Structure formats: C-alpha cells, structure tokens
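A quick write-up on the structure given underneath.
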Amino acid sequence: AKGFRILLGVVGAPNELGNAGYDASYAAFVGGLAALGADAIEVWNEPNLDREWPTGQIDPVRYTQLLAASYNSIKANNPNTYVISAAMAPTGAEAAFPGRVVNDNTYLQGMVNAGALRYMDCVGVHYNEGIVPPTQNSGDPRGEYYTRYYDGMVNTYWNIVGGQRPLCFTELGYLTPEGFGPLSSSFSWASNVTVAQQASWLDTVMSRAAR
C-alpha cells in the first residue's frame with residue numbers, strides 16, 4: 001500500500017550443488033516464493049567466490065543452468081515476479097586466488113556466452129566498495145580498477161550485456177566507521193569515509209541509478 005516491493009535473495013547450499021536433483025529442488029523452492037507473491041527474486045549470491053560456490057568449481061555455465069531452471073519455475077508460478085541474476089562480488093583477485101575467485105567481468109561474460117540473458121529480467125549488481133563520490137572516475141588511492149567507481153561498474157556490466165537487460169543493484173552502499181567503531185582489517189579501506197559523505201554519495205548515486 002505504501003509502494004514498497006519485496007525482493008528476496010535466495011542462497012542455497014553450495015555443498016549440495018553436485019547432487020542429482022538439486023537444481024530442480026532449488027528451482028521449486030524459488031518458484032514457491034514467486035507463487036506467494038514475491039515481487040522479485042535474486043537467484044543465488046556472488047557465485048564467483050568460493051564462499052558461495054565450491055572451490056575449484058566456480059563456473060558461469062554451471063550457474064546459468066541453475067538460473068535457467070529457476071527462471072522457468074518462477075515464471076510458471078508467477079509471471080509477474082522479476083528474476084534477477086546473482087550479483088557477483090566485485091573483484092579482480094582471480095590471479096591471486098586461482099580456483100577460489102573469478103573476476104566479476106569475466107564471470108558475467110561467461111554467463112552471457114552461456115545464454116543467461118534468456119533467463120533473467122535484470123542483471124544483479126553489487127557496488128559496495130566505493131570510497132570516492134559516484135561522480136568521480138579516477139583518483140581512488142587503492143588503484144584505478146573499475147570496481148572502485150560507480151560508473152566503472154555500470155559501464156562495464158552494461159557493455160558486457162550489450163544493453164539487453166537492465167541492471168539491478170541488490171547491494172549498494174558506502175561503508176563508514178563513524179558511529180560504528182573501528183573497522184576490521186578486511187574493511188580498513190573505508191576508514192576515512194564519514195557519515196556526511198555516505199549520505200551525500202548515497203543521495204547522488206540513487207539519482208544516477210534511477211536514470
């Protein structure tokens with residue numbers, strides 16, 4: 001009644017992905033959620049990392065098989081439920097962690113090559129590591145890798161899918177320690193971001209994303 005819509009992100013059991021019938025079981029579950037009225041369903045989460053997909057088996061073709069089964073089940077139960085592909089972890093660490101990580105742009109291209117665009121209404125995107133304004137496209141102290149920048153993420157994904165599907169942010173934000181306490185070493189890159197910057201950048205990025 002207030003205009004809110006329900007997006008469900010559904011992560012299954014990575015250790016069961018090799019079991020016969022697992023795709024059908026997962027697909028039936030998300031199909032049931034669609035039947036209950038979910039407005040949108042994100043099929044899995046960050047399958048380009050080994051914390052979400054078995055080590056050494058990270059494969060966009062295999063994910064596309066799961067996505068296809070899920071899409072068909074969701075649409076059969078509720079054609080109005082929006083299907084969003086699993087957003088990948090934004091990373092360029094593939095060379096440093098072989099078998100454990102696949103770069104998100106490489107993974108998305110593999111999905112496109114496998115025909116994944118036929119089984120989604122929208123491409124899932126995670127942009128959650130920014131420490132500069134969303135209008136800035138260079139100058140990040142960590143380096144110039146495209147995932148550091150809002151436009152870098154959007155343009156890279158848009159070009160890979162050829163503009164054939166819209167992009168849906170299922171994680172979007174800026175981290176700050178202000179009012180929260182010291183950040184762990186894994187997130188120390190955001191130590192200098194303030195709440196005021198967070199608020200301003202979120203306002204800007206939401207306006208840009210809505211274009």
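It should be emphasised that the depicted structure is a prediction, and the values quoted were computed from it without experimental measurement.
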* To do: Give the cluster check for Tyr107 versus Val101: same hydrophobic cluster or not, with ILVMFWY residues linked at side-chain heavy-atom distances below 4.5 Å.
  => no

* So with a 6.0 Å cut-off around CG of Asp39, is the heavy-atom count from everything else above 12? -> yes

* **Transitive ILVMFWY side-chain link Met153 to Leu202, under 4.5 Å** => yes

* Asked: In terms of hydrophobic clustering (I, L, V, M, F, W, Y; side-chain heavy atoms under 4.5 Å; direct or indirect links), are Trp201 and Phe187 co-clustered?
  -> yes

* **Co-membership, hydrophobic cluster, residues Val205 and Ile131, 4.5 Å side-chain** => yes

* Donor-acceptor side-chain pairing of Glu129 and Thr147 below 3.5 angstrom -> yes

* List the steps and the verdict of side chain to side chain contact (heavy atoms under 4.5 Å, CB included) for His126 and Asn45. => CA-CA 10 Å; His126 284 175; Asn45 177 67; 3.1 Å; yes

* Counting only heavy atoms not in Arg100, do more than 12 sit closer than 6.0 Å to its CZ atom? -> no

* Parallel, tilted or perpendicular: which fits the ring planes of Tyr26 and Trp44, with parallel below 30° and perpendicular above 60°? -> tilted

* Over 12 non-hydrogen atoms of neighbours within 6.0 angstrom of OH in Tyr145 -> yes

* **Connected-component partners of Ile84 among ILVMFWY, side-chain separation under 4.5 Å** => Leu7, Tyr82

* Residue of the set Asp151, Val154, Asp104, Asn137 for which side-chain contact (heavy atoms from CB on, under 4.5 Å) holds with Tyr146 -> Asp104

* To do: State plainly whether one hydrophobic cluster holds both Tyr119 and Leu17, where clusters connect Ile, Leu, Val, Met, Phe, Trp and Tyr through side-chain heavy atoms under 4.5 angstrom apart.
  => yes

